[in-house]
Peer 1: 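The structure under discussion is supplied below as structure tokens; questions concerning it will follow.
By convention in this document, chain letters (A, B, ...) are assigned in the order of the sequence lines, proteins followed by strands, and residues within each chain are numbered from 1.
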Amino acid sequence: MAHYKSKKITQLREQLLAWYDRSARDLPWRLPPAQGLKGQRPDPYAVWLSEIMLQQTGVATVKTYYVAFINRFPTVQDLAKAPLDDVLALWAGLGYYRRAHHLHAAAKDILARGGVPTQPQTLQKIQGIGPYTAAAIAAIAFDQPVVPVDGNVERVLSRLWLIEAILPAAKPIFWHEAQAWMSTHRPGDFAQALMDLGATICTPRTPACNLCPWQSSCGASKQSRQGEFPKKQVNKKKPTRYGTSWVHIDPDGVLVTKRAHSGLLGGMLEVPSTSWGDDPSSDPCLGPVDLPKGVTWLDGGYIDHVFTHFALRVRVFSAYSPKSLPVVGYQRLGLDALAGAALPSLMHKIIVAGRSILAAQSIGLDQV
DNA sequence: GAGACGTGGGC
DNA sequence: TGCCCAAGTCT
């Protein structure tokens with residue numbers, strides 16, 4: 001590290017921390033910087049939980065889930081002793097459900113370890129905690145001198161220093177660049193300040209450079225090339241897959257079953273469905289053979305849903321039975337229990353579509 | 001290294 | 001509509 005850059009970094013650190021002291025976002029899991037300056041630290045459990053929820057997920061979305069989660073499971077003990085299904089139900093709609101499985105297993109692990117580890121190296125041994133999250137928890141919860149590198153930090157640093165390296169291959173370069181900022185002076189606040197800057201000022205599109213404490217030092221801003229950074233590999237187009245689902249409602253509720261614990265929507269509930277294939281005209285009769293017999297299936301059209309790596313078009317059929325109709329291998333989910341169930345957004349959409357078709361036909365009016 | 005893994009919002 | 005984006009991790 002050249003001496004001039006080291007000196008520059010010290011100055012920039014102070015500018016950013018000063019900005020953070022007056023501009024820090026007020027977040028449910030966060031300790032305000034003023035309290036941190038008085039020697040307080042946030043609850044490591046809260047920091048860990050928030051960081052897991054924030055992986056690839058926006059702050060606005062996480063807030064609601066975080067509050068519900070921390071109220072239901074105020075401590076790591078509460079989480080560790082809870083049934084997995086309760087955890088999945090609270091996670092429903094947040095996505096990346098493997099995170100919830102990891103979180104539950106990690107709670108037991110953390111208990112066994114006597115608490116949340118303080119060192120990045122140890123933190124990374126825990127399920128669901130990678131290089132970023134380990135550094136974030138160590139810095140924010142324990143004021144360890146590390147600089148977590150997430151998408152915000154990559155964007156901010158690439159613009160500041162005009163780093164042309166292409167992500168994600170260049171992740172090691174960014175990690176190295178970021179550690180040059182490491183300091184024992186307020187490392188937790190510095191980490192959060194960097195992320196706040198990326199989230200509120202140095203945004204992907206139309207950054208608010210005029211409000212940025214680093215504007216006069218920013219290479220991209222000087223050259224009006226903010227939009228070029230960070231350099232990223234272009235995304236591949238995602239394929240479309242097709243399937244069929246059946247929404248069956250009787251007095252006990254809608255017919256559902258639990259998906260396998262591994263893979264897509266792992267451990268979550270689903271309505272009877274075909275597998276999802278590449279053929280748009282695949283025969284829906286290839287679906288579950290144990291659907292209720294002797295009911296009239298109404299065609300509910302289709303609904304579209306987009307996953308990370310493929311788009312999905314599901315044809316929906318729905319039917320109502322005025323008397324209980326149990327099906328082997330399935331359970332009934334009461335219609336008043338939908339909101340609190342482990343239903344992924346996709347399945348929620350499908351059920352809503354199925355119900356609206358029945359309602360439109362005035363079928364089972366008071367029940368559907 | 002590349003692909004799997006959700007969802008909602010912005011433009 | 002479609003594409004990008006959001007505090008990544010695991011295989």
Side-chain angles (χ1 to χ4, degrees), chain A residues 25 27 29-30 46-66 88 91-103 105-106 123-141 147-156 166-172 174-175 178 188 191-200 202-207 227 230 232-241 259-268 270 276 303-313 342-349:
Chain A
R25 286 176 293 175
L27 302 173
W29 51 85
R30 177 179 281 182
V47 173
W48 165 54
L49 174 60
S50 67
E51 287 301 337
I52 299 298
M53 285 186 165
L54 286 162
Q55 289 169 0
Q56 296 290 285
T57 310
V59 164
T61 303
V62 166
K63 273 186 184 175
T64 311
Y65 281 85
Y66 173 84
L88 292 177
W91 204 272
L94 197 54
Y96 288 130
Y97 298 100
R98 187 170 55 172
R99 290 183 295 174
H101 288 84
H102 285 333
L103 193 78
L123 280 159
Q124 224 176 133
K125 295 183 190 299
I126 294 171
Q127 291 278 291
I129 298 181
Y132 161 75
T133 306
I137 296 171
I140 297 169
V147 182
V149 181
D150 68 340
N152 287 307
V153 178
E154 288 168 347
R155 187 170 57 256
V156 169
I166 298 171
L167 291 165
K171 277 189 176 293
F174 280 88
W175 188 267
Q192 295 176 96
L194 218 38
M195 292 185 263
D196 272 23
L197 187 70
T200 66
C202 195
T203 51
R205 278 175 299 243
T206 59
K232 284 183 160 177
Q233 205 176 342
V234 289
N235 290 351
K236 288 175 183 167
K237 220 190 110 196
K238 56 186 71 176
T240 300
R241 292 180 186 162
R259 291 174 61 90
H261 279 272
S262 64
L264 192 64
L265 310 178
M268 304 296 284
E270 67 174 353
W276 301 326
I303 65 114
D304 289 312
H305 191 76
V306 181
F307 289 112
T308 307
H309 53 298
F310 67 94
L312 178 66
R313 173 161 291 188
L343 278 177
S345 293
L346 166 65
M347 293 301 154
H348 193 77
K349 282 201 279 187

Peer 1: Between dA4(B), dC5(C), dT7(B), which one does the side chain of H305(A) approach most closely?
Peer 2: dT7(B)
Peer 1: Counting any heavy atom closer than 4.0 Å, what does P148(A) reach on the DNA or RNA strands: base, sugar-phosphate only, or nothing?
Peer 2: nothing
Peer 1: Using only heavy-atom distances, decide whether a donor-acceptor pair under 3.5 angstrom links the side-chain of T57(A) to the base of dG8(B).
Peer 2: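 For T57(A), whose side chain was compared with the base of dG8(B), there is no donor-acceptor pair (under 3.5 Å).
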Peer 1: Between dT7(B), dA6(C), dT9(C), which nucleotide gets closest to the side-chain atoms of F307(A)?
Peer 2: dT7(B)
Peer 1: Using atom CG of L103(A) as one end and atom P of dT9(C) as the other, report the distance to the nearest whole Å.
Peer 2: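 So the two atoms are 14 Å apart, to the nearest Å.
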Peer 1: dG6(B), dA2(B), dG8(C): which one has an atom nearest the side-chain heavy atoms of D150(A)?
Peer 2: dG8(C)
Peer 1: Sticking with atom P, work out how far dG3(B) lies from dC4(C), rounded to a whole angstrom.
Peer 2: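 After rounding to an integer number of Å, I get 15 Å for this pair.
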Peer 1: Taking any heavy-atom pair under 4.0 Å as a contact, classify L27(A): base, sugar-phosphate, or nothing.
Peer 2: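 Base: the residue L27(A), judged by heavy atoms under 4.0 Å, touches a nucleobase.
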Peer 1: Pick base, sugar-phosphate or nothing for V62(A), based on heavy-atom distances below 4.0 Å to the nucleic acid.
Peer 2: nothing
Peer 1: Hey, does the side chain of H309(A) come within less than 4.0 Å of dC5(B)'s phosphate (OP1/OP2), counting only N and O?
Peer 2: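 Answer yes for this pair, as a side-chain N or O of H309(A) is under 4.0 Å from OP1 or OP2.
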Peer 1: Nearest whole Å is fine: how far is dG8(B) P from D304(A) CG?
Peer 2: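 Going from CG in D304(A) over to P in dG8(B) covers 14 Å.
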Peer 1: Taking only Lys NZ, Arg NE, NH1 and NH2, and the carboxylate oxygens of Asp or Glu, determine whether D196(A) and R30(A) approach each other closer than 4.0 Å.
Peer 2: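 Yes.
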Peer 1: Find the distance M53(A):CE to dG8(C):C1' and express it as a whole number of Å.
Peer 2: 16 Å
Peer 1: Assign each of A169(A) and L265(A) to its nearest nucleotide of DNA chain B by heavy atoms, then name whichever residue's nucleotide is nearer the 5' end.
Peer 2: A169(A)
Peer 1: Does D150(A) form a side chain to side chain contact (heavy atoms under 4.5 Å, CB included) with F174(A)? I'd like the steps, not just the answer.
Peer 2: CA-CA 10 Å; D150(A) 68 340; F174(A) 280 88; over 6 Å; no
Peer 1: For P344(A), report the nucleic acid contact type (base, sugar-phosphate, nothing); a contact means any heavy atom under 4.0 Å.
Peer 2: sugar-phosphate
Peer 1: Please report the distance separating the P of dT9(C) from the corresponding atom of dG8(B), rounded so that it comes out in whole Å.
Peer 2: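 Each nucleotide's P atom is 23 Å from the other's.
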Peer 1: Which nucleotide sits closest to the side chain of R205(A): dA6(C), dC3(C), dG10(B)?
Peer 2: dG10(B)
Peer 1: Can you check whether K236(A) has a side-chain N or O nearer than 4.0 Å to OP1 or OP2 of dG3(B)?
Peer 2: yes
Peer 1: Taking the side chain of L346(A) as heavy atoms from C-beta outward, which of dG6(B), dC5(C), dT7(B) is closest to it?
Peer 2: dT7(B)
Peer 1: Send over the distance from W175(A) CH2 to dG8(C) C1', rounded to a whole Å.
Peer 2: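 For the pair W175(A) CH2 and dG8(C) C1', the rounded distance is 11 Å.
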Peer 1: Under 4.0 Å, heavy atoms only, any strand: does G198(A) hit a base, just the sugar-phosphate, or nothing?
Peer 2: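 The residue G198(A) makes no contact with any strand.
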Peer 1: Between K349(A) and R98(A), which residue's closest nucleotide on DNA chain B lies nearer the 5′ terminus?
Peer 2: R98(A)
Peer 1: Could you check how far CZ of R313(A) sits from C1' of dG2(C), rounded to whole Å?
Peer 2: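 Computing the R313(A):CZ to dG2(C):C1' distance gives 13 Å.
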Peer 1: Quick check, are the ring centers of H305(A) and F307(A) under 6.0 angstrom apart?
Peer 2: yes
Peer 1: By nearest atom, which of the nucleotides dG6(B), dA6(C), dT7(B) is closest to the R99(A) side chain?
Peer 2: dG6(B)
Peer 1: Using a heavy-atom cut-off of 4.0 Å across all strands, would you classify G266(A) as base, sugar-phosphate, or nothing?
Peer 2: nothing
Peer 1: Where the side chain of R99(A) meets the backbone of Q55(A), is there a donor-acceptor pair that is under 3.5 Å apart?
Peer 2: yes
Peer 1: Nearest whole angstrom, please: distance from the P of dT7(B) to the CG of L343(A).
Peer 2: 11 Å
Peer 1: The side chain of S345(A) lies closest to which of these nucleotides: dC5(B), dG1(B), dT7(B)?
Peer 2: dT7(B)
Peer 1: Would you mind telling me which of Y96(A), Y65(A), W48(A), W29(A) makes a side-chain contact (heavy atoms from CB on, under 4.5 Å) with M53(A)?
Peer 2: Y65(A)
Peer 1: Work out how far the P atom of dA6(C) is from that of dC5(B), and round it to whole angstrom.
Peer 2: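 About 22 Å, rounded to a whole number of Å.
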Peer 1: Using a heavy-atom cut-off of 4.0 Å across all strands, would you classify R155(A) as base, sugar-phosphate, or nothing?
Peer 2: sugar-phosphate
Peer 1: May I ask you to say what Q127(A) touches in the nucleic acid, namely base, sugar-phosphate or nothing, with a heavy-atom cut-off under 4.0 Å?
Peer 2: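 Since only primed, P, OP1 and OP2 atoms lie under 4.0 Å of Q127(A), the category is sugar-phosphate.
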Peer 1: Could you work out which one of dC4(C), dG6(B), dG1(B) sits closest to the side chain of N235(A)?
Peer 2: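 The nucleotide sitting nearest to the side chain is dC4(C).
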Peer 1: Evaluate the ring planes of F310(A) and W276(A), with Trp represented by its six-membered ring, and classify them as parallel (under 30°), tilted (30 to 60°) or perpendicular (over 60°).
Peer 2: tilted
Peer 1: Kindly point out which of dT9(C), dT7(B), dC5(B) is positioned nearest to the side chain of Q55(A)?
Peer 2: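 Out of dT9(C), dT7(B), dC5(B), the nucleotide with an atom closest to Q55(A)'s side chain is dT9(C).
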Peer 1: Heavy atoms only, 4.0 Å cut-off, all strands: where does W29(A) land among base, sugar-phosphate and nothing?
Peer 2: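 Base: the residue W29(A), judged by heavy atoms under 4.0 Å, touches a nucleobase.
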Peer 1: For Q233(A) and dG1(B), what is the distance between atoms CD and P respectively, to the nearest whole Å?
Peer 2: 10 Å
Peer 1: For the pair S50(A) (side chain) and V47(A) (backbone), establish whether a donor and an acceptor sit closer than 3.5 Å, ignoring hydrogens and angles.
Peer 2: yes
Peer 1: Atom CG of L264(A) and atom C1' of dT9(C): how far apart are they, to the nearest Å?
Peer 2: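 Taking atom C1' of dT9(C) as the reference, CG of L264(A) is at 16 Å.
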Peer 1: Name the nucleic acid region contacted by V153(A), choosing base, sugar-phosphate or nothing; use a 4.0 angstrom heavy-atom cut-off, strictly under.
Peer 2: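 Touches nothing.
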Peer 1: Under 4.0 Å between a side-chain N or O of Y65(A) and OP1 or OP2 of dT7(B)?
Peer 2: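 For dT7(B), OP1/OP2 do not have a side-chain N/O of Y65(A) under 4.0 Å.
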Peer 1: Indicate, with a heavy-atom threshold strictly under 4.0 Å, whether T133(A) touches base, sugar-phosphate, or nothing.
Peer 2: sugar-phosphate
Peer 1: So for atom NZ, which belongs to K125(A), do other residues, nucleotides or ligands contribute more than 12 heavy atoms lying within a distance under 6.0 Å?
Peer 2: no
Peer 1: Once hydrogens and angles are ignored, does a donor-acceptor distance under 3.5 Å link the base of dG6(B) to the side chain of T308(A)?
Peer 2: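 Indeed, a donor on one side and an acceptor on the other fall under 3.5 Å apart.
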